[in-house]
Amino acid sequence: MGLGCLSKSAVAVLKTDDKLKDAKIVFVVGGPGSGKGTQCEKIVAKYGYTHLSSGDLLRAEVASGSERGKQLQAIMQKGELVPLDTVLDMIKEAMIAKADVSKGYLIDGYPREVKQGEEFEKKIGAPALLLYVDAKAETMVKRLMKRGETSGRADDNEETIKKRLDLYYKATEPVIAYYEKRGIVRKINSELPVDEVFAIVEKAIDELK
Ligand SMILES: Nc1ncnc2c1ncn2[C@@H]1O[C@H](COP(=O)(O)OP(=O)(O)O)[C@@H](O)[C@H]1O
Ligand SMILES: Nc1ncnc2c1ncn2[C@H]1C[C@H](O)[C@@H](COP(=O)(O)OP(=O)(O)O)O1
Ligand SMILES: [Mg+2]
């Protein structure tokens with residue numbers, strides 16, 4: 001069927017969705033403080049991918065001072081997950097905004113639970129790769145406490161870090177098992193120095209081409 005019967009704006013929406021369906025999508029999953037953001041920055045510098053961190057998108061909404069932002073801030077401060085639809089809508093909007101120029105998307109900090117992965121695939125598309133950024137709990141806590149000295153983040157404190165870690169093991173680790181069955185998970189040892197971690201990341205990204 002042609003698109004002739006549809007209005008111009010309806011065609012534009014369909015075309016955008018098509019573009020996202022064909023897009024190269026990489027999920028970046030790992031515990032809090034494991035080094036997701038650090039590696040994503042390096043991927044952007046080398047490969048020109050679009051980096052979308054769900055946490056950054058949420059913090060931007062908080063910074064806007066909106067009513068919705070205030071509600072989000074309260075949830076994040078407790079180390080809990082914000083509602084799925086809120087995060088997914090923000091990610092999709094940000095992806096569409098870059099659809100014409102993006103070489104690929106790094107979706108950092110999402111999915112946080114299996115349901116988030118399922119909904120993403122229904123509304124946007126399938127990931128080609130999942131980078132599993134792996135570090136020990138002890139390492140993550142140490143890094144987050146250090147980051148907390150300067151990050152200004154309401155969730156980089158001992159009490160919230162503990163809750164975030166618990167939630168990670170309970171809700172997010174099953175995401176890795178879910179995508180392992182599809183054979184798209186690459187486990188990255190993030191205990192190593194940043195550049196050595198990136199050398200492993202590069203191999204995984206290069207395989208995608
Ligand atoms: N491989 C690494 N070795 C040492 N420190 C690291 C490493 N990767 C990240 N860090 C540090 O750990 C902290 C958390 O990293 P970040 O990239 O913000 O993690 P995430 O986005 O997963 O929470 C940062 O302060 C960062 O500089
Ligand atoms: N996909 C998602 N679903 C629900 N809440 C999310 C989310 N991504 C982020 N959040 C909320 C809850 C998190 O504790 C908080 C900070 O997330 P983050 O910046 O991704 O943390 P980190 O990079 O330290 O792992 O934002
Ligand atoms: Mg981060």
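Residue indices begin at 1 and follow the sequence shown. Heavy-atom basis, side chains included; hydrogens, waters and symmetry copies ignored.
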Please identify each residue that fulfils side-chain hydrogen bond (donor to acceptor under 3.5 Å, both in side chains) with Glu207, with sequence neighbours left out.
Arg186
Pair up each side-chain donor or acceptor in residues 196-204 with any protein partner under 3.5 Å, not counting sequence neighbours, and list the distances.
from, atom 1, to, atom 2, distance (Å)
Glu202, OE2, Lys46, NZ, 2.8

Could you verify whether a donor N or O on one side chain and an acceptor N or O on the other, from Glu113 and Thr172, lie under 3.5 Å apart?
no
May I ask you to test the Lys123-Asp85 pair for a side-chain heavy-atom distance under 4.5 Å?
yes
With a 4.5 Å heavy-atom cut-off, do Thr50 and Val101 have their side chains touching?
no
Please assess Glu61 against Arg68 for the test salt bridge (Lys or Arg N to Asp or Glu O under 4.0 Å), listing each intermediate value before the final yes or no.
CA-CA 8 Å; Glu61 183 69 28; Arg68 183 161 81 153; 3.7 Å; yes
Using side-chain hydrogen bond (donor to acceptor under 3.5 Å, both in side chains) as the criterion, point out the one residue from Arg143, Lys146, Arg147 that pairs with Asp156.
Arg147
Charged N to carboxylate O under 4.0 angstrom, Lys162 versus Glu159?
no
Could you grab the distance from atom CG of Leu144 to atom CD1 of Ile161, nearest 0.5 Å is fine?
4.5 Å
Residue pair Pro111 / Val29, side-chain heavy-atom distance below 4.5 Å:
yes
Is the backbone of Ala135 close enough, under 3.5 Å, to the side chain of Ser34 for a donor and an acceptor to pair up by distance?
no
Can we say Arg59 and Asp56 salt-bridge, meaning some charged N sits less than 4.0 Å from an Asp/Glu carboxylate O?
yes
Could you tell me if the ring centre of Tyr49 sits under 6.0 Å from that of Tyr105?
no
Salt bridge or not between Lys42 and Asp195? Use side-chain N to carboxylate O under 4.0 Å.
yes
To the nearest 0.5 angstrom, please state how far the CD atom of Gln39 sits from the CG atom of Leu131.
9.0 Å
Once rounded to the nearest 0.5 Å, what's the spacing between atom NZ of Lys24 and atom CG of Leu208?
6.0 Å
Using a distance-only test with no angle check, is there a side-chain donor-acceptor pair under 3.5 angstrom linking Thr160 and Gln77?
no
Can you find a pair of side-chain heavy atoms, one from Met95 and one from Ile107, that are under 4.5 Å apart?
yes
Measure the acute angle between the ring planes of Tyr179 and Phe27, then classify it against the limits of 30° and 60° as parallel, tilted or perpendicular.
perpendicular
Atom NZ of residue position Lys92 - does it have more than 12 heavy atoms of other residues, nucleotides or ligands inside 6.0 Å?
yes
Looking at Glu121 and Ala126, what are the two nearest heavy atoms and their distance?
OE1-CB, 3.7 Å
What I want to find out is whether Glu119 reaches Lys115 closely enough, with some N-O distance under 4.0 Å, to be called a salt bridge.
yes
